[in-house]
Amino acid sequence: MKRSRLVAGNWKMHGSRASIAALLDELVKANPSGCAVCAPFPYLAQVAERLRGTRIAWGAQNVSEHAQGAYTGEVSAAMLADLGCRYVIVGHSERRQLYGETDALAAAKFAAVKAAGMTPILCVGETLKERDAGRTEAVVAQQLDAVLEKNSFENSVLAYEPVWAIGTGRNATPEQAQAVHAFLRKKLPQGTSILYGGSVKPQNAAAIFAMPDVDGGLIGGASLVAGDFLNIVKAASI
Ligand code: PGA
């Protein structure tokens, strides 16, 4: 099976109704295929409305592991699916580091997304300390195995995001990304797309996406600038 290319924007906690409207106008004008934007919860309905009938998909950045109930402040997978959501980012390093999300919680959220018929984008990645200690493969394997123990990875997306490269302007070299992607691919069903994330910019995207096991990117900062995001999407389709 041919792996599909995907460039997903992770807007994180940025934007307003006005700035998102302007950004979406630019994206819709170009209307590229093979891309998605993951917006903050309050703006998902706006995003869904604006992107209806376009080639651009959309997703959420987080989800509850519970199906429903007394979980004040949480958002269920069924609610996201109800809005027409396609992708949900699970286990982003910011969730793991800042909100104490464990491998087990990421696995439960992954299961909730699948159960609701959406596509999880599972993030794994090592810290600089772990890389320097030669533990990169052990760390990403443990993060992925926690999910594989309880879930099938069919119809799911993996994102390798070295923590030291996220928002730092210091991307992994194409060779570093390729090595980890090749390692992770051995654990996944054939046809699984593996995205690279961490300081992907228009200037470095083409070289990273040219690696044989890199199927696209998860883009933070550069996804907030329409021209940059569109150029990165273009680099993935070459
Ligand atoms: P960045 O973020 O592109 O700003 O480094 C990537 C991510 O966190 O997904």
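FYI, side chains are in, hydrogens and waters are out, and symmetry mates aren't considered; it's all heavy atoms of this structure. First listed ligand is number 1; within each ligand, the first listed atom is number 1.
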Quiz item: What residues, two or more places apart in sequence or in another chain, satisfy salt bridge (charged side-chain N to carboxylate O under 4.0 Å, His left out) together with Arg52?
Solution: Glu49
Practice problem: May I ask you to decide if the ring planes of His181 and Tyr160 are parallel, tilted or perpendicular, using 30° and 60° as cut-offs? | Solution: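 Perpendicular.
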Quiz item: List by chain and number: which residues place a heavy atom under 4.0 Å from ligand 1?
Solution: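 Residues within 4.0 Å of ligand 1: Asn10, Lys12, His92, Glu161, Ala165, Ile166, Gly167, Gly198, Ser199, Leu218, Ile219, Gly220, Gly221.
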Quiz prompt | Residues forming a ring-ring contact (aromatic ring centres under 6.0 Å, His included) with Tyr43, sequence neighbours excluded | solution = none
Quiz item: Distance from Arg96 atom CZ to Thr127 atom OG1, nearest 0.5 Å?
Solution: 12.0 Å
Exercise. Kindly state each residue pair satisfying side-chain hydrogen bond (donor to acceptor under 3.5 Å, both in side chains) with at least one member in residues 220-232, sequence neighbours excluded.
Key: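 Pairs touching residues 220-232 that pass the test: none.
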Quiz item: Are the aromatic rings of Tyr196 and Phe209 close, with centres under 6.0 Å apart?
Solution: no
